[in-house]
Amino acid sequence: MTETTQHRTPDSRPTGGLSAQYQPGEVEQRRYENWVSQGYFTADPASDKPPFSIVIPPPNVTGSLHVGHALDHTIQDTLSRLKRMQGFEVLWLPGMDHAGIATQNVVERQLAAQQLSRHDLGREKFVEKVWEWKAQSGGAILGQMRRLGDSVDWSRERFTMDEGLSRAVQTIFKRLYEDELIYRANRIINWCPRCLTALSDIEVEHTDDEGELVSIRYGEGENAIVVATTRAETMLGDTAVAVHPDDERYKHLIGTEVELPLTGRRIPIVADEHVDPSFGTGAVKVTPAHDPNDFEIGQRHDLPSITMMDERAVVTVHGPFEGLDRYEARPAIVAALREEGRIVAEKRPYVHSVGHCSRCKTTVEPRLSLQWFVNTGPLAKAAGDAVRDGRVSIEPAELSKRYFAWVDNMHDWCISRQLWWGHRIPVWYGPDGEVVCVGPDEEPPAGFTQDEDVLDTWFSSALWPFSTMGWPERTPELEKFYPTSVLVTGYDILFFWVARMMMFGLYAMDDVQPFNVVNLHGMVRDGHGKKMSKSFGNVVDPLDWIERYGADATRFTLARGANPGSDVPISEEWCQGSRNFCNKLWNATRFALMNGATVEGELPPAEELSAIDKWILSRLQHVIGEVDEYFATYEYAKVCDTLYHFAWDDVCDWYLELSKPVLAGSEAANSQRVLGHVLDQLLRLLHPVIPFVTEELWVALTGGETVVKAQWPAIDKELIDDAAEEELAALQKVVTEVRRFRSDQGLKPSQRVSAALTGLGNVGIDTHEPLIRSLARLDAPGDGFTATATLAVSGAITVDLDTRGTIDVAAERARLEKDRTAAEKEAAQCRAKLGNESFIGKAPEQVVTKIKDRLATAEADLTRIAAALEALPTA
RNA sequence: GGGCGCGUAGCUCAGUGGGAGAGCACUCGCCUUACAAGCGAGGGGUCGUAGGUUCGAAACCUACCGCGCCCA
């Protein structure tokens, strides 16, 4: 298998230098570099063509191409290439995200290997170090995008931390600040005790974890009250116990105080509507500094907040527990309470929902702290309205419900992060508590110091559709390409990113939406629909597939699985199938070249064409129409499926086989031209999904410069030919029936059989008799022809075969009986319907007619099957 | 707990009122001058369960069972 069969074909016929098998590795790099150097992907804002633009969801600078990117990029590249061929000026803008926490973590890990922390370097040196890291190791994904074939405009690559984008960040921050849409406040936020930073709500992942539920008795005797908690350690920070105001069990206690165990503090018992009387004992401990719900209860009842842990989740309250980590403190405190006889019940394990840092998986600690927030109210309203009024459509539309649920209930967005890598908050503080927000071209007053925090990475990502085009300047790019045409991304970041781009885009761009369409795709899963995970060992590395099967096969596998809104299962077997498909195209084109296929000159007029040529041209028109329709509705799987079947079934299995005799003869010219045309069009249609093999083949076939710039096929209604399609359907039926007979009879393909065909004229295919004979391997009846079997094909065609007396009667009887059973079932179904008066009376006329036709066909079949069975010799 | 979605062939999925489909897998036969990464033929499904609407339900409605995702 290692040796290629490059010169196996007779060299008398030109093959365009194509080997017997497609070798993607040899083609891809060469083609890609050529496309880029020719400038095919460079967008021109001054162009007269209508614009089509996509901004890439910027991958993390730390990232490498995983299979999710491969899907996302395949779709974007497919759309970009399609639109380019359709005559649009296409901008697909690439770039990367600085990925605050992720990148800082990477560099900190490197420092840790040298026993250093970022504090040893200091802020300035550390940030320098991160830039160094980026220069050396960042952006591996960019090279990998080339291998996938991404037709991005490399001349416009951007980075969220580059100068222009930083300027955009500062500009919008100041605007929002001045519009009072950004504020600073002491709030309870999600805190990662490992990353030591605040997180926004959506950077927290909830999972059901095993914990414990401990019931603790506060107070003594009649005034005792039992609270249930999963976080016993936080009792050190309790400032109240809350019950529901209507809870009869506790009415007498409302307004009284109990002693908080282990501390000697006395805390009030308050009534609050938000307490669920059915949870636990119906009484809850209130720790305003360490729980978001408790924080709100605290606000409503004016309770003090006692912070009992530091930023690393270590207990800071003086006493025996001071210095213990939260997980050490929990059992220690439970033990101490148990000793006092205060533990009433313990449930272990107790499964409940726990939040984790989306970056490092550490359990999030709610923490009261001073942070910056975006007031999302008016921004989220506008973001919802843009979808509601149709300026932005979400595809598939069902997912817009989720979008509304999110934007209509958005919490204020915590945007400050206690990190060093990111856009530093442009707010400066004066010696006397002055606060100044500094714009891009402004200087802070002397003696002021800048806020230490940086912005959430998603803050700059939210500006991506316009910051990358030069905003806040009014650039030709913005003029031409904003709003962007489509945003392609996974439904998992609808909230992270899409909603935020909508808010900032509408705000910054005078209420013009950042994109017209949001095309959401699913998550890539393994061949059994399971989530890919390292621990499960089912992760596909797209680069591995590209290496072994080619970028086109990888892309086709992904696109073929991409049904709207649903996840995309892939497996290596299916990728092999895609590779086989590319090879099929390769060989079809090779065959065409060996047989003089050409794209020179006009197509011959219909009246000069054979039914076969007219048929394939007609089929092609339908396919063009279907592909256009499916692209318009983002049905990538159906685009692929349609083209796969047209190419393999119609073109290769039938058209090429039917054309072989003509192409080998002296009157091949018309078919050579039609074959050239069909392949030319087919390769164009496939190019957006599988760019490399189509480019190689199209150039070989047509001698053109590149299929990248070729015009997208348009339907020619003149070429639709129903008569030719019916004719070919009849022809296919005869051939298939004879093949089935041969197969059932165990006749080998090499075994020629004499046969007489009658009745072909009944369906107008008498002229195709030689073809039928060739495809079904039937010889003309010679002297001494004796029919030993008769095959009655529906449509009054009869094939008498001379099988030299060796007919397998049992096999033939079985075959006919199977046909009879099917026909009987069909006839019975039809009769039942037609015998139903309600059906006749209420069903539409064309349905009734159709059923009548079906019955007639079934009855005719039954008659000929009965005759054939009758004619069989008895065993 | 709230919301959304899904149960169709061994696997993964199309089909959304009128003849149960595809890819892969499987069985049988073939080195057939483009392709064995191929060609030809075939087997395989009470469309999750139970009711209902309808002349007619895989599709529409209700309930239940099972699974998934998002949010709290």
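Order of the sequence lines sets the chain letters (A, B, ...), proteins ahead of strands, with each chain counted from 1.
A:H290 and A:R231 get closest at one heavy-atom pair: O-NH1, 4.1 Å. Across all non-hydrogen atoms, the minimal contact from A:L701 to A:G676 is CD2-O, 3.8 Å. Pairing each heavy atom of A:K733 with each of A:V793, the nearest pair is CG-CG1, 4.0 Å. Between A:A562 and A:L71, the shortest heavy-atom contact is CB-CD1, 4.2 Å.
Spacing between atom CG of A:D649 and atom C1' of B:rG23 amounts to 11 Å, rounded to whole angstrom units. Distance, A:Q846 CD to B:rG17 C1': 13 Å, rounded to whole Å. Atom CG of A:L775 and atom C1' of B:rC30 are 16 Å apart (whole Å). Per the geometry, CH2 belonging to A:W574 stands 13 Å off C1' belonging to B:rA14, to the nearest Å. Atom-to-atom, NZ of A:K833 to P of B:rG17 comes out at 15 Å; the value is rounded to the nearest Å. Taking atom CZ of residue A:R548 and atom P of nucleotide B:rA37, one finds them 16 Å apart after rounding to whole Å. Separating the CD atom of A:E573 from the P atom of B:rG23 is a distance of 15 Å, rounded to the nearest angstrom.
Contact check, A:K825 against B:rG19: no side-chain N or O comes under 4.0 Å of OP1 or OP2. Between B:rC4 and A:Y403, no contact under 4.0 Å exists linking OP1 or OP2 to a side-chain N or O. Phosphate proximity of B:rG5 to A:K401: present, with a side-chain N or O under 4.0 Å from OP1 or OP2. Distances shorter than 4.0 Å separate some side-chain N or O of A:K748 from OP1 or OP2 on B:rC30. Close to B:rC4, at under 4.0 Å from its OP1 or OP2, lies no side-chain N or O of A:S400.
At most 12 heavy atoms of other shown residues, nucleotides or ligands fall within 6.0 angstrom of atom NZ in A:K531.
Within 4.0 Å (heavy atoms only), A:S566 reaches sugar-phosphate atoms of the nucleic acid but no base atom. Residue contacts shown for A:N563 are limited to sugar-phosphate atoms, with no base heavy atom under 4.0 Å away. Within the nucleic acid shown, A:R560 comes within 4.0 Å of sugar-phosphate atoms alone, with no base atom in reach, counting heavy atoms only. Within 4.0 Å (heavy atoms only), A:L656 reaches at least one base atom of the nucleic acid. At the heavy-atom level, A:A405 lies nowhere under 4.0 Å from the strands shown.
Scanning atom types as modelled, one donor and one acceptor separated by under 3.5 angstrom connect the side chain of A:E826 and the base of B:rG19. Contact of A:Q21 with B:rA37 (side chain to base): a donor-acceptor pair of N or O atoms is detected under 3.5 Å.
Which of B:rA37, B:rA34, B:rG15 sits closest to the side chain of A:R579 comes down to B:rA37. Which of B:rG15, B:rC55, B:rA34 sits closest to the side chain of A:M594 comes down to B:rA34. With B:rC55, B:rC24, B:rG18 as the choices, the nucleotide that has an atom nearest any side-chain atom of A:N836 turns out to be B:rC55. Picking from B:rG18, B:rA22, B:rG15 the nucleotide with the shortest atom distance to the side chain of A:P844 gives B:rG18. Of the candidate nucleotides B:rA14, B:rU12, B:rU32, B:rU32 has the atom nearest to the side chain of A:P749.
When the C1' atom is compared between B:rG40 and B:rU32, the two are found 10 Å apart, to the nearest whole Å. Atom P of B:rG44 sits at a distance of 14 Å from the matching atom of B:rA22, rounded to the whole Å. Nucleotides B:rG1 and B:rC64, compared at atom P, are 14 Å apart to the nearest Å. Annotation: B:rC65 and B:rU53 have their C1' atoms spaced 23 Å apart (nearest Å). If you take atom P in B:rA58 and the same atom in B:rG51, they sit 14 Å apart, rounded to whole Å. B:rA20 and B:rA59: their P atoms are spaced 14 Å apart (whole Å). The same atom, P, is picked in B:rA25 and in B:rU49; the two are 29 Å apart, to the nearest Å. Comparing the same atom, C1', in B:rA37 and in B:rG43 gives a spacing of 25 Å after rounding to whole Å.
Taking the side chain as every heavy atom from C-beta outward, A:L520 and A:L494 approach each other to under 4.5 Å. Using a 4.5 Å heavy-atom cutoff, the side chains of A:W545 and A:V67 are not in contact. Contact annotation: the side chain of A:N293 never approaches that of A:H274 to less than 4.5 Å [non-hydrogen atoms, C-beta and beyond]. When side chains are defined from C-beta on, A:Y403 does not count as touching A:V518, because their heavy atoms never get closer than 4.5 Å.
Comparing A:Q829 and A:S838 by the nucleotide of RNA chain B that holds the closest heavy atom to each, the one mapping nearer the 5' end is A:Q829. With the nearest nucleotide of RNA chain B identified for both A:G529 and A:R854, A:G529 has the one nearer the 5' end.
Remark: B:rU16 base-pairs with no nucleotide in the shown strands. Criterion, Watson-Crick or G-U wobble with two distances under 3.5 Å. Nucleotide B:rU62 forms a Watson-Crick or G-U wobble pair with B:rA50, both donor-acceptor distances falling under 3.5 Å. Nucleotide B:rG68: paired with B:rC4 (Watson-Crick or G-U wobble, both distances less than 3.5 Å).
Cation-pi check for A:K660 over A:F591 is met; the charged atom lies under 6.0 angstrom from the ring centroid and within 45 degrees of its normal. Relative to the six-membered ring of A:W574, A:R525 misses at least one condition, a distance below 6.0 Å or an angle of at most 45° to the axis.
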>> A:Y655 vs A:D613, test: side chain to side chain donor-acceptor pair (under 3.5 Å). Steps then yes/no.
In response: CA-CA 8 Å; A:Y655 181 67; A:D613 287 335; 2.6 Å; yes
Expected rows: protein N/O vs nucleotides 38-43 of chain B N/O, under 3.5 Å:
| residue | atom | partner | partner atom | Å |
| --- | --- | --- | --- | --- |
| B:rG38 | OP1 | A:N580 | ND2 | 3.3 |
| B:rG38 | O3' | A:K584 | NZ | 3.0 |
| B:rC39 | OP1 | A:K584 | NZ | 2.7 |
| B:rC39 | OP1 | A:W648 | NE1 | 2.7 |
| B:rC39 | OP1 | A:D653 | OD1 | 3.3 |
| B:rA41 | O2' | A:S743 | OG | 3.3 |
| B:rG43 | OP1 | A:K818 | NZ | 2.3 |

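In this structure, a donor-acceptor pair under 3.5 Å is absent between the side chains of A:D649 and A:W654.
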> Which letters describe nucleotides 67-72 of chain B, given B = protein heavy atom under 4.0 Å from base, S = only from sugar-phosphate, - = neither?
Replying inline: --BS-B
